[in-house]
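These notes are about the structure you will find just below.
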Amino acid sequence: MGDRLIFQLGTNNWQRGGEFAPGSGILHEAHHRAYNAMPGVRGYSMYPSKRQRFRDDDVHVFALDHDIPICESISPVSNYRWHGMSEDEVAAYRTRLTDEVAEWIDEIEASTGDRFGLFIAHHAFMNTVVMRDVNRRRVAAGKERVPLMCFVHGTELKMYNNEKRGNDPTEFPLRFLPFVQQEKIFDYADPGHGVDVIAAISAEQIEAFLGIFPEFPRDRVVLSHNGYNQDVFHRLTDPTDVYAERERVLAGFSTQPPAGHGEPGPVAPVDGLDAVVAFCGKFADWKRLDALLLAAATYEKHERKILTVIAGSGPVEAQQTMHELAVQNGLTRTYFVGPRPQDELAVLFNTADVGCFPSYREPFGLVFIECMACGTPVIGADSGGPRDFVVPEVGTLVPETDDRTALAASLAETIVAAVEEDWKQTKGVAAETYAKEHFSVVGQVAALLEAVDRLIV
């Protein structure tokens, strides 16, 4: 009996060739490597990219001549929206992707003599339709249908809910939710359904999915908390203790201001620093970086010299807005260092006394786990995925609110408390241990396969 073959279809690019990757692309790559580290399993993956043109034995890039289509309004990697595409453009994308996936799967099976045992589509949108279409072609050719699991992410669920609410029919017309419903992708009772198992990264995300697709059986939904890359995110002490040497380490990072907002410069305040707050995320409204910047206007006045390092990016307009907000609030210890690869993020998290990620209903919050793994406590908002794992021993969640001023005030108060109470020393070890014990990628995919196998037997 040959190896078990698993095929994953991603929605976002991996972080290769100097191209920044969003969270779902990082998760896809981590899962791919974890599957291939398991005995008797071989994983194959395809993902889209406008820049990358890799074609490895186990990874193919779906080459685009435009940015990756996105479900949300803005993204650090794309401004090309599904809602901005015509019906013909959507249909052409679907057909070409189906063709490339089906042809490569046929090539793999022909060359190895093995058969795929599981398809995985990332995001509950076009990839599920494509993999269902691939299965239909297989059945028509006399081959067995392959069980299909969908790994749900947050952005497509937000798109569907925005369409349902109808508050902004220009930005989110009711278009793709009816499309997926008509395709019966999640109508498990229908013989032509697409998806057999759903995996979601938080309990809140499970409820969000079932609220949109109540026809899908709850007992076929698996909770699968994200794992992190333990080879990258850990406490850095050898050959340099990064936290102890952080002034020198941070001075090696340069800011990345947008045009018209000054020149790049080192992260090096002239009068030194006493504490560091780290943020990492895309400049989207729901990430609420603006609230952290408002909070910085308060805690920068504290007698302790508190520095804020902002990693991440977004469309030029969003970058300019955040920089202008920092200027308007007189921030002098806040540094925008742009998108950074994972190894550099690990360094930044190691320099910090606390990581602050105040997103509204973060689908999971892998950045929290990565920061914790570096021995750094975390602060977030009391909503979304972080509610599943931010326990008092590793940090805290401030009260959720729609009032950005109130949110900023609670963030400032909590950050000051974290500095004064030295959470780095009192909670840092617990944060590192908690991440290690609960969120390894290999453990995540092994448990996920066990759960899927129970459901598809």
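What you see below is based on every heavy atom in this structure, not just the backbone, and it leaves out hydrogens, waters and symmetry mates. Just so you know, these numbers come straight off a predicted model, no measurement behind them.
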> When rounded to the nearest 0.5 angstrom, what distance separates CG in Leu325 from CG in Leu289?
Replying inline: 8.0 Å

> Between the side chains of Tyr243 and Thr237, is a donor N or O closer than 3.5 angstrom to an acceptor N or O?
Replying inline: no

> In terms of ring plane angle, is the pair Tyr47 and Trp14 parallel, tilted or perpendicular, where the classes change at 30° and 60°?
Replying inline: parallel

> Below 4.0 angstrom, N of the basic side chain to O of the carboxylate: do Arg361 and Glu204 qualify?
Replying inline: yes

>> Using ring centroids (six-membered ring only for Trp), state whether His261 and Phe336 fall under 6.0 Å.
In response: no

> What do you reckon, are the aromatic ring centroids of His193 and Phe186 less than 6.0 Å apart?
Replying inline: no

> Is the shortest side-chain N to carboxylate O distance from Arg333 to Asp271 below 4.0 Å?
Replying inline: yes

>> One thing to verify: whether Glu400 and Arg288 come together as a salt bridge, which I'm taking to mean a side-chain N less than 4.0 angstrom from a carboxylate O.
In response: yes

> With side chains defined as the heavy atoms from C-beta onward, is the minimum distance between Tyr434 and Glu432 less than 4.5 Å?
Replying inline: no

>> Please find the pair of heavy atoms, one from Thr11 and one from His123, that lie closest to each other, and give the distance.
In response: OG1-ND1, 3.1 Å

>> For Ser313, run the side chain to side chain donor-acceptor pair (under 3.5 Å) check against Gln256, Arg340, Gln319, Lys282 and tell me which one passes.
In response: Gln319

> In terms of side-chain geometry, is the basic nitrogen of Glu362 or Lys287 positioned less than 4.0 Å from the acidic oxygen of its partner?
Replying inline: yes

>> Side chains of Glu247 and Thr351 only: does a donor on one sit below 3.5 Å from an acceptor on the other?
In response: no

> Does any donor atom in the side chain of Asp58 or His32 lie under 3.5 Å from an acceptor atom in the other side chain?
Replying inline: yes

> Do the side-chain N and O atoms of His225 and Asp388 include a donor-acceptor pair separated by under 3.5 angstrom?
Replying inline: yes

> Strictly by modelled atom types, are His122 and His153 linked by a side-chain donor-acceptor pair under 3.5 Å?
Replying inline: yes

> Should the pair Phe119 and Phe116 be assigned to parallel (<30°), tilted (30 to 60°) or perpendicular (>60°) ring geometry?
Replying inline: tilted

>> Quick check: do Phe213 and Asp187 have side-chain heavy atoms less than 4.5 Å from each other?
In response: no

>> In the structure I gave you, are the side-chain heavy atoms of Val441 and His31 within less than 4.5 Å of one another anywhere?
In response: yes

>> Test side chain to side chain contact (heavy atoms under 4.5 Å, CB included) on Phe439 and Phe233; report intermediate values, then the result.
In response: CA-CA 12 Å; Phe439 296 101; Phe233 294 99; over 6 Å; no

>> Between Phe176 and Tyr160, is the ring centroid distance below 6.0 Å?
In response: no

>> Do Phe7 and Val146 make a side-chain contact, defined as non-hydrogen atoms from C-beta onward lying under 4.5 Å apart?
In response: no

> Backbone N or O of Gln52 within a donor-acceptor pair of the Ser49 side chain at under 3.5 Å?
Replying inline: yes

>> Whether the side chain of Asp274 engages the backbone of Lys305 through a donor-acceptor N/O pair (distance < 3.5 Å, no angle test) should be reported.
In response: yes

> If we only count heavy atoms from C-beta on, is the Ile212 to Leu157 side-chain gap below 4.5 Å?
Replying inline: yes

> Given side chains that start at C-beta, do those of Asn226 and Leu27 come closer than 4.5 Å, heavy atoms only?
Replying inline: yes

> Any salt bridge between Arg132 and Asp196, counting N to O under 4.0 Å?
Replying inline: no

>> Please find the pair of heavy atoms, one from Val337 and one from Val267, that lie closest to each other, and give the distance.
In response: CG1-CG2, 3.7 Å

> Is NZ or CZ of Arg42 both nearer than 6.0 Å to the six-membered ring centre of Tyr35 and within 45° of the ring axis?
Replying inline: no

> So do the side chains of Pro147 and Val197 get within less than 4.5 Å of each other, counting heavy atoms only?
Replying inline: no

>> Using every non-hydrogen atom in the two residues, find where Ala124 and Val152 come nearest and quote the distance to one decimal.
In response: CB-CG2, 4.3 Å

> When you check the side-chain N and O atoms of Asn36 and Arg33, is any donor under 3.5 Å from an acceptor?
Replying inline: no

>> Quick test of your reading of the model: are Arg246 and Asp353 salt-bridged, counting only N-O distances below 4.0 Å?
In response: yes

>> Looking only at the aromatic ring of each residue, does the gap between the centers of Phe253 and Tyr335 stay below 6.0 angstrom?
In response: no

>> So Val398 and Ile379, do their side chains get closer than 4.5 Å, heavy atoms only?
In response: yes

>> Using every non-hydrogen atom in the two residues, find where Arg220 and Leu455 come nearest and quote the distance to one decimal.
In response: NH2-O, 2.8 Å

>> Taking Arg51 first and then Asp67, would you say they form a salt bridge - that is, a charged N and a carboxylate O separated by under 4.0 Å?
In response: no

